[in-house]
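Since the structure comes first, as structure tokens, the remarks are kept for the end.
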Amino acid sequence: MSFVKQYFQRSATAIKENALKVYTADFMNRQTEFLVASVNSKQDLSRWVKGSDRDIGGFSDVWLDTTQAGHARFHGYISQKLPGDKRFKRSGYAMIRTRDPQSNILGDGTWDSSLYRYLAIRVRADMRRYFVNLKSGSLVHTDIYQHLLPIRTPGRWETVVIPFNMFTLTSNGVIVASQPSMASTSMETVGFSVSDKREGPFCLEFAWIKAFNSDFTFGETIRLPYTAKLTWKTDFARMDKTD
């Protein structure tokens, strides 16, 4: 398939997705949710990439496939065995993430998390320690914003909600001291990783990943409902009575 044809196919998909955003907005044109990623078929797996320490000589295995129910399954085996290269002092990790965005007629293919307050994930995981990883526009290729995936009921489906402002900047697995804010208007990829220093198999299933607002949020802005106690008129009247 030619590059031009691929470009226009991506553009058609982007136009369709932007049209759907209109239907998920409320009467103030405030977008209530945005589907960041999902896997409903084997074809959707082509939008993801996977990796493990085997890429640098390690021995961990990672797979990404679909279940009979049509959900994504991130699974494999974490090996603590060190690569032959003596420079490596620890090993044992696996990851998956969405592919890097590709440009289309509407832009560069990134998405804007500043319009939303929370990241929500429909997930079922075992008792291992997983991280959610976000990559935004950055001059440093290894910069990743991470948050522990807070699984409350291992082995059962649940919806995990994480505020975007709770993610921590890391680089090569190390927390960055300065902690600059993520470039929220140009989000590139989302994914999961496991690196908990435990030998053995792992398995995480997920149905979808969404960005969303509650009834009273619009990104970082709190939008409280109109009440007599929260108007500028009552605040002015209160101040007018003070000495």
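Nothing here was measured: the structure is a model prediction, and the numbers come from that model. Quick note: numbers below take in every heavy atom, side chains included, and nothing from hydrogens, waters or symmetry partners.
A heavy-atom distance below 4.5 Å is not found between the side chains of H147 and T168. F164 is listed as a side-chain neighbour of L134, based on a closest heavy-atom distance under 4.5 Å. For the pair T110/M187, no side-chain contact is recorded, criterion being any heavy-atom separation below 4.5 Å from C-beta on. Counting heavy atoms from C-beta on, the side chains of S91 and K81 never come closer than 4.5 Å. Residues D61 and R54 form a side-chain contact, since some pair of their non-hydrogen atoms from C-beta on lies under 4.5 Å apart.
Between Y116 and F212, the ring centre distance reaches or exceeds 6.0 Å.
For R128 (side chain) and P201 (main-chain N/O), a donor-acceptor pair under 3.5 Å exists by modelled atom type. Within the 3.5 Å criterion, the main-chain N or O of S79 finds a donor-acceptor partner in the side chain of S60. In this structure a side-chain-to-backbone donor-acceptor pair under 3.5 Å is present from K135 to H141. N213 places a side-chain N or O within 3.5 Å of a backbone atom of L115 that can act as its donor or acceptor partner. Side-chain atoms of T98 come within 3.5 Å of backbone atoms of V190 as a donor-acceptor pair (strictly under, hydrogens ignored). Looking only at distances, a side-chain donor or acceptor of R99 sits under 3.5 Å from a matching main-chain atom of S46. No donor-acceptor pair under 3.5 Å is formed between the side chain of E33 and the backbone N or O of K210.
Y77 and E199 form a side-chain donor-acceptor contact under 3.5 Å, judged by distance and modelled atom types alone.
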**Study point:** Residue pair T142, S171: steps toward the side chain to side chain donor-acceptor pair (under 3.5 Å) verdict
**Key:** CA-CA 5 Å; T142 56; S171 183; 2.7 Å; yes
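Once rounded to the nearest 0.5 Å, the distance linking OG1 of T170 with CD of Q146 reads 3.5 Å. Note that CH2 of W48 is 9.0 Å distant from OG1 of T189, once rounded to the nearest 0.5 Å. The CG atom of D65 lies 8.5 Å from the NZ atom of K42; values are rounded to the nearest 0.5 Å. Rounded to the nearest 0.5 angstrom, S195 OG and D53 CG are separated by 8.5 Å. Here the CZ atom belonging to R124 is positioned 11.5 Å from the CD1 atom belonging to I151, to the nearest 0.5 angstrom. Going from atom CG of L148 over to atom OH of Y130 covers 12.0 Å, rounded to the nearest 0.5 Å.
Under the 30°/60° scheme for interplanar angles, the aromatic rings of F192 and F74 are found to lie parallel.
V62 and M95 are not part of a single hydrophobic cluster, where members link through side-chain heavy atoms under 4.5 Å apart. The hydrophobic cluster containing Y93 also contains F88, counting ILVMFWY residues as joined when their side-chain heavy atoms lie under 4.5 angstrom apart, directly or transitively.
Atom CZ of R129 has 12 or fewer heavy atoms from other residues, nucleotides or ligands within 6.0 Å.
Of the listed residues (Y118, W111, W208), just one forms a ring pair (Phe, Tyr, Trp, His ring centres under 6.0 Å) with F34, and that residue is W111.
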